[in-house]
Asks: 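I am attaching a structure below and will ask some questions about it afterwards.
Throughout, a chain's letter reflects where its sequence line sits, starting with A, and its residues are numbered from 1.
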Amino acid sequence: MVNESKKTMKKGYAPEEVEAKWYAYWEQNKLFAASEQSGQKPFSIVIPPPNVTGVLHMGHSLNITLQDILCRYRRLRGDNVLWMPGTDHAGIATQNVVEKNLALQDTSRHQIGRRKFVEAVWDWRRKYGDAIINQLKSLGASCDWDRERFTMDEGLSRAVRKVFVELYEAGLIYRGNYIINWCPRCQTALAELEVEHEEENGHIYYVHYPLTEAGDGPIVATTRPETMLGDTAVAVHPEDDRFRHLHGRSVVLPLTEREIPVITDSYVDISFGTGALKITPAHDPNDFEIGKIHELPSVRVIGEDGCMTEAAGEKYRGLDRFECRRVVVQDLKDNGLLQKIEDYRHSVGHCYRCQTLVEPNLSKQWFVKTRPLAEQAVKAVENSETKIVPEKWRNDYFKWMEDIRDWCISRQIWWGHPIPAWTCADCGKLIVSFEDPKTCPACGSGQLEQDPDVLDTWFSSALWPFSTMGWPDQTRLLETFYPTSVLVTGFDILFFWVARMMMMGCHFMDEVPFRDVYVHALVRDENGKKMSKSSGNVIDPMVIIEKYGTDALRFTLSAFAAQGRDIKLSEKRIEGYRNFINKLWNAARLTLMHVTQAPGGIDLSTSGLADRWMLSRLKTVANRVAEAIDGYHFNIAANEIYQFVWHEFCDWYLEAAKPALYGKWGEGRQQAALKVSWRVLHDTLILLHPFIPFVTEEIWHLLPGTEGSIMKAVYPSDAAGFDQLPNDPAAEADMALLMEVINGIRNIRGEMNIPPASNLDALVQTDSARHQSLIKNNKALVSNLARLDSLSIEPAGEKPKATATAIVDDLVISVYLKGVIDFARETQRLEKEIAKLDKEIQALLKKLENDDFLSKAPADVIEKARSQYDEYVEKQEKLVNNLDKIKSISEYQ
RNA sequence: GGGCGGAUAGCUCAGGUGGGAGAGCGGCGGCCUUACAAGCCGUAGGUCACAGGUUCGAGCCCUGUUCCGCCUACCA
C-alpha cells in the first residue's frame with residue numbers, strides 16, 4: 001500500500017516507543033537474512049564473538065555499530081549480505097562464573113565431578129547465554145540471527161577436532177614438558193599472550209651462597225627468594241674475572257643441605273646485580289633454557305595451587321608462595337646470609353582473567369608450532385591479499401608474527417573442547433584421532449585414557465570465519481561468503497584473534513579469512529582513561545540507550561570513530577547527537593506537514609534557486625558519504641551528513657522554502673518545494689539509515705510514497721535518476737552569494753541590537769547586471785530570510801544616509817535604520833570589519849611583493865592570491881568610504 | 001630496553017598529495033519567528049608543544065628537545 005498522509009508526528013522524537021517495534025519488524029520480516037545463493041554481490045562479516053558471560057560495554061557498542069553500518073550500507077547498495085553472529089564459550093571466564101555459583105551453594109566442581117559440572121555450565125549457558133545477544137539486538141545489530149553460532153556447537157567442535165588432528169599429523173602440534181605460565185587461581189596454563197605485565201614495586205635480595213669448601217661464596221641477587229629452594233646451580237659469566245676462582249666448584253644452597261654447582265654461561269650479564277645468577281629451571285623460563293643446556297635437574301618447589309611443595313623442604317612445604325618468601329627472607333637473615341635488600345621496580349605477569357600473579361612452572365602441555373603457520377599469514381598481508389586498515393597496524397602485525405613463539409593451547413579446566421588425544425594405559429602409546437579410538441593401535445588394549453585437558457578458547461575462535469560457515473563440510477555458504485569481506489575489531493585482540501585466524505585460514509582454507517581488517521579504536525572515558533569497573537568510570541551502553549536512544553549512541557560513536565584515534569566518550573556528546581536525531585525528526589515533521597502525498601518526479605521548470613542548490617548539494621553529499629564509508633572513514637561520513645541535514649537542509653533550505661511550501665509563491669513554486677523537500681528527506685533517510693536505523697525507519701513509514709522497510713530502499717547513488725539530479729555549480733555559487741548577503745544583513749541586525757521582530761528596509765547597489773538580476777529574481781528569498789520589508793536594487797552610486805553597511809563581493813548593502821542610527825555602534829562595527837580585512841590584505845601583500853613567490857609559485861596560486869587581494873582591497877575601500885560617511889554625518893548631528 | 005601514536009580555540013577533536021586553520025560542546029549578546037528552547041539569529045576565542053632545517057611558502061616534510069598515552073621485551 002502506498003501511504004497517504006499517515007499521521008501527525010509528535011513534537012519531540014521518543015526513541016523508546018520506536019526502537020523495539022522496528023527491531024521486531026525487521027526480524028519478523030527476515031530482513032537480516034543472507035541468501036546462500038544469489039546473483040547479488042556477496043558481502044560478509046563474521047562478528048567478533050563476545051563471551052557468553054559478557055555484558056555489553058562501549059567497546060562492543062562501537063564494534064557492533066561499525067559493522068552494522070557496513071552491513072546496512074551494503075544491503076542498501078544491493079549486496080547479498082551475511083553478518084554471521086555468535087558467541088564464544090570463554091573457557092576460563094565461564095568456568096569461573098559457574099564455579100562461583102557453585103560456591104554459593106556450598107559445593108564445588110570437584111565435589112560434583114566433571115560430568116555434572118559440564119552439565120551445569122550448559123545449564124548456565126542456556127539460561128544466561130542470550131543476555132549479550134539481546135543487548136546486541138537493542139543496539140540494532142542486523143545479524144542473520146538464524147545462523148547464530150557458538151564455539152561449543154556440534155559443528156564447530158568438529159572443526160576444532162579436525163584442525164587439531166591435522167595439525168598434529170603435520171607435526172604442527174606437539175606435546176612436551178616446558179615452562180609455561182600458570183595461574184594458581186584458575187588452576188590452568190596460560191598462553192604468553194594471556195599474561196599481562198605490569199610494573200610493580202618489589203625488592204631485590206642479595207643472598208650469600210657459601211662455598212662447600214673454604215673461601216667466599218658468591219652473592220646472588222634475586223627478586224624471588226622463595227624460588228631459591230629450587231635452585232640447581234649458580235651461573236657466572238665465563239669471562240668474569242671476579243668469579244674465576246669459582247669455576248668448577250660448588251656451593252651449599254642456603255636453607256637446604258643441597259650442594260649445587262657453579263656453572264659458566266655467557267647468558268649471564270656481568271654488569272647486572274652481582275654478576276652471579278641463581279638457576280631455578282622449574283620456575284623461570286630462562287633458567288629452564290640454561291638448565292637444559294647444562295643438563296641440570298629441575299626441582300619444582302611451587303605447586304599448582306601456588307603453595308610450596310614437598311621438594312621445598314620440611315619447613316616450607318605447604319606454605320603459600322608469598323608467605324614462604326617472608327619466611328625464607330627471615331631465615332636468611334637469621335643465618336647471616338642476607339647481605340642486603342634493595343627496592344626494585346620490575347614488571348610482573350598477571351593472569352588476564354583474574355589478575356592473579358602468574359607462576360612460571362614446569363608442566364606437560366600441548367603446543368602449536370606457530371612459525372610455519374605465521375609465515376603464510378605474513379605473506380598474505382605482505383602481498384595485500386588481506387589489507388589492514390589503518391595501515392599502521394601492519395607493522396605491529398608483522399613484528400608480532402616475526403617474534404612469534406609456540407602457542408600453549410592446553411588448559412587444565414573442564415569447560416571447553418576436549419583434546420582428541422588418548423594414552424594407552426598398557427603400552428603408553430599416544431593416540432591422536434578424529435574419531436574416539438576403541439583400542440590401542442599398538443597393543444590392542446582397550447584401556448585408553450583421554451587427555452583430561454581442554455583447548456584454549458582462542459583455538460576455536462581462530463577457526464571462526466570458516467567453522468561458522470559449516471567447515472569441514474564444503475557448504476554453499478562457504479562457497480558464497482568465504483573469504484569474508486572485512487573483519488571489524490579492536491586492536492586489543494589483533495594478536496589474540498586476528499593473527500591466529502589468519503594463520504588457520506591460510507593453512508586450512510588456502511585462502512585468507514578476510515579481505516580487509518578494519519582495526520578500530522578503544523572507547524575511553526572523558527579523561528582518556530580505559531573504562532573499567534574498578535575505576536568506576538564505565539558508561540553503560542544500556543543506560544545510555546534508555547536515556548538517549550540507540551540512534552544517539554550509535555551516531556555519537558560513528559562521529560568520533562576517526563581512524564587511529566581513541567574515542568573519549570562523555571554523556572554531553574551523546575546528548576548533542578541526540579539533539580541531532582531530534583532535529584531530523586522535526587525536519588521530517590515540517591516536511592510532512594506539507595507533503596501529504598507522494599509527489600511525482602522533479603520538474604525543474606518551476607523550481608527556485610534554493611531548490612536547484614539543494615538538489616545539487618544532495619548529490620554531492622550522497623557521493624561523499626558513500627565514498628567515506630567505502631574507505632572506513634565513519635566519522636567523515638557521519639559529520640558530512642550531520643552538517644548537511646542540520647546546516648544546509650534545515651537552516652537554509654527549509655527556511656527558504658517555507659513561503660513556497662505555504663503556497664505564498666504560487667502553485668509552481670509550491671510544487672517544486674514539495675518535491676525537493678520530499679526528495680531530500682527521502683534520500684537523507686537512506687543515507688542516514690546505516691548510522692541511525694530506528695528513527696530513519698520510523699520516519700520512512702510516515703513518509704508518503706514509501707513502501708515497506710527502508711532496508712529495502714535503493715541507495716541514492718544507485719537510484720534511477722540520480723544522475724539526472726542537477727550537479728549545478730552555478731546554483732551553488734549564486735546561493736552562496738545570497739547567503740552572504742543575508743548573513744550581512746543579519747550581522748547588522750545582531751551587532752546593531754535591532755530586535756528580530758522589527759522588519760527592515762535595505763538597498764543593494766551594484767553595477768553587475770548579473771548580480772542585479774540575481775537579487776531581483778530572489779528578492780523574496782532574501783527578504784524572507786533577512787526579514788526585510790523592502791529590498792531595492794540600484795546601480796552603484798551614492799550611499800543613502802542613516803544606513804548600516806555590509807559589503808559582499810561587488811555589492812554594497814545598506815540597511816535603513818528606522819529611528820536614530822547608533823553612529824558609535826556602526827562606526828565600531830565597520831572599524832572591526834576593516835581591521836579584519838587589513839590583516840588579510842597585509843598577509844597577501846607580503847606574498848605578492850615577494851619576487852621569489854611570483855617566479856616560483858604555480859600560476860593558479862598566484863592568480864588566486866591576486867584576485868583575493870583585489871577583492872579584499874575593494875571591499876575595504878568601500879567600507880572605509882562608508883565609515884567616512886558615517887563619521888561626517890555623526891559630526892553634523 | 002625496543003617500537004608506535006599524540007600534543008591545533010576554554011573542553012573534545014577534524015584537518016587525502018605543503019598555498020595562510022575548521023566543527024561540536026562550552027562562553028557572550030539577542031530571540032517563546034506558526035518543525036524543533038533537545039531550538040533560532042548573531043558573536044568572541046588559536047605565534048597549530050618547543051628549537052632548528054628544507055621551501056617562494058610548513059599545522060602538514062626532515063632533525064632534535066620536552067611532556068603525555070599505548071604496545072612490546074627473559075636482565076636475575
Asks: Report each atom pair, protein N/O against N/O of nucleotides 22-30 of chain B, whose distance is under 3.5 angstrom.
Replies:
from    : atom 1 : to      : atom 2 : distance (Å)
rG24(B) : OP1    : H647(A) : NE2    : 3.3

Asks: Determine the contact category for A843(A): base if any of its heavy atoms lies under 4.0 Å from a base atom, sugar-phosphate if only primed atoms, P, OP1 or OP2 are that close, otherwise nothing.
Replies: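 Since no nucleic acid heavy atom lies under 4.0 Å of A843(A), the category is nothing.
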Asks: What about Y13(A), does its side chain sit under 3.5 Å from the base of rC36(B) through a donor-acceptor pair?
Replies: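 Per atom types, no contact qualifies.
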Asks: Name the nucleic acid region contacted by Y344(A), choosing base, sugar-phosphate or nothing; use a 4.0 angstrom heavy-atom cut-off, strictly under.
Replies: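 Answer is sugar-phosphate: Y344(A) comes under 4.0 Å of backbone atoms only.
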Asks: Counting any heavy atom closer than 4.0 Å, what does R578(A) reach on the DNA or RNA strands: base, sugar-phosphate only, or nothing?
Replies: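 The answer is base, as R578(A) lies within the cut-off (heavy atoms under 4.0 Å) of a base atom.
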Asks: Can you see which heavy atom on K278(A) is nearest to which on Y209(A), and at what distance?
Replies: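 Shortest heavy-atom contact: CD-OH, 3.6 Å.
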Asks: Is it the case that the base of rA73(B) and the side chain of E192(A) share a donor-acceptor contact (distance under 3.5 Å, atom types as modelled)?
Replies: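 No such pair is found, so the answer is no.
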Asks: NA contact type, K10(A), heavy-atom cut-off 4.0 Å: base, sugar-phosphate, or nothing?
Replies: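 Contact class for K10(A): none.
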Asks: Base, sugar-phosphate, or nothing: which does D651(A) touch, judged by heavy atoms less than 4.0 Å apart?
Replies: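 Sugar-phosphate, backbone atoms only, no base.
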Asks: Picking from rA35(B), rA76(B), rU72(B), which would you name as closest to the side chain of T222(A)?
Replies: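 Closest of the options to the side chain of T222(A): rA76(B).
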Asks: Side chain of F853(A) only, please: which of rA76(B), rC56(B), rG42(B) is the nearest?
Replies: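 The closest nucleotide is rC56(B).
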Asks: Quick one: label N747(A) by what it contacts on the DNA or RNA (base, sugar-phosphate, nothing), any heavy atom closer than 4.0 Å.
Replies: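 It contacts sugar-phosphate atoms only.
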Asks: Looking at residues at least two apart in the chain, or sitting in another chain, which of them share a side chain to side chain donor-acceptor pair (under 3.5 Å) with D343(A)?
Replies: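 If we apply the side chain to side chain donor-acceptor pair (under 3.5 Å) test to D343(A), skipping adjacent residues, the hits are H203(A).
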Asks: Check the surroundings of atom CD in E196(A): do more than 12 heavy atoms from other residues, nucleotides or ligands lie under 6.0 Å from it?
Replies: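 It does: E196(A) CD has more than 12 such atoms within range.
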Asks: Once you apply a heavy-atom cut-off of 4.0 Å, does N582(A) come out as touching a base, just sugar-phosphate, or nothing?
Replies: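 Base, at least one base heavy atom under 4.0 Å.
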Asks: How is K278(A) classified with respect to the nucleic acid when contacts are heavy atoms under 4.0 Å: base, sugar-phosphate, or nothing?
Replies: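 Touches nothing.
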Asks: Using Watson-Crick or G-U wobble pairs with both distances under 3.5 Å, give me RNA chain B in dot-bracket, 5' to 3', with [ ] for crossers and | for pairs to another strand.
Replies: (((((((..((((.....[..)))).(((((.......))))).....(((((..]....))))))))))))....
Asks: For E575(A), which contact category applies under a 4.0 Å heavy-atom criterion: base, sugar-phosphate, or nothing?
Replies: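 Answer is nothing: E575(A) stays at 4.0 Å or more from every strand.
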Asks: Check every strand shown and say whether K847(A) touches a base, only sugar-phosphate, or nothing at a heavy-atom separation below 4.0 Å.
Replies: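 The answer is base, as K847(A) lies within the cut-off (heavy atoms under 4.0 Å) of a base atom.
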Asks: Which part of the nucleic acid, if any, lies within contact of R829(A), taking any heavy atom under 4.0 Å across all strands shown: a base, the sugar-phosphate backbone alone, or nothing?
Replies: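 Nothing, no heavy atom under 4.0 Å.
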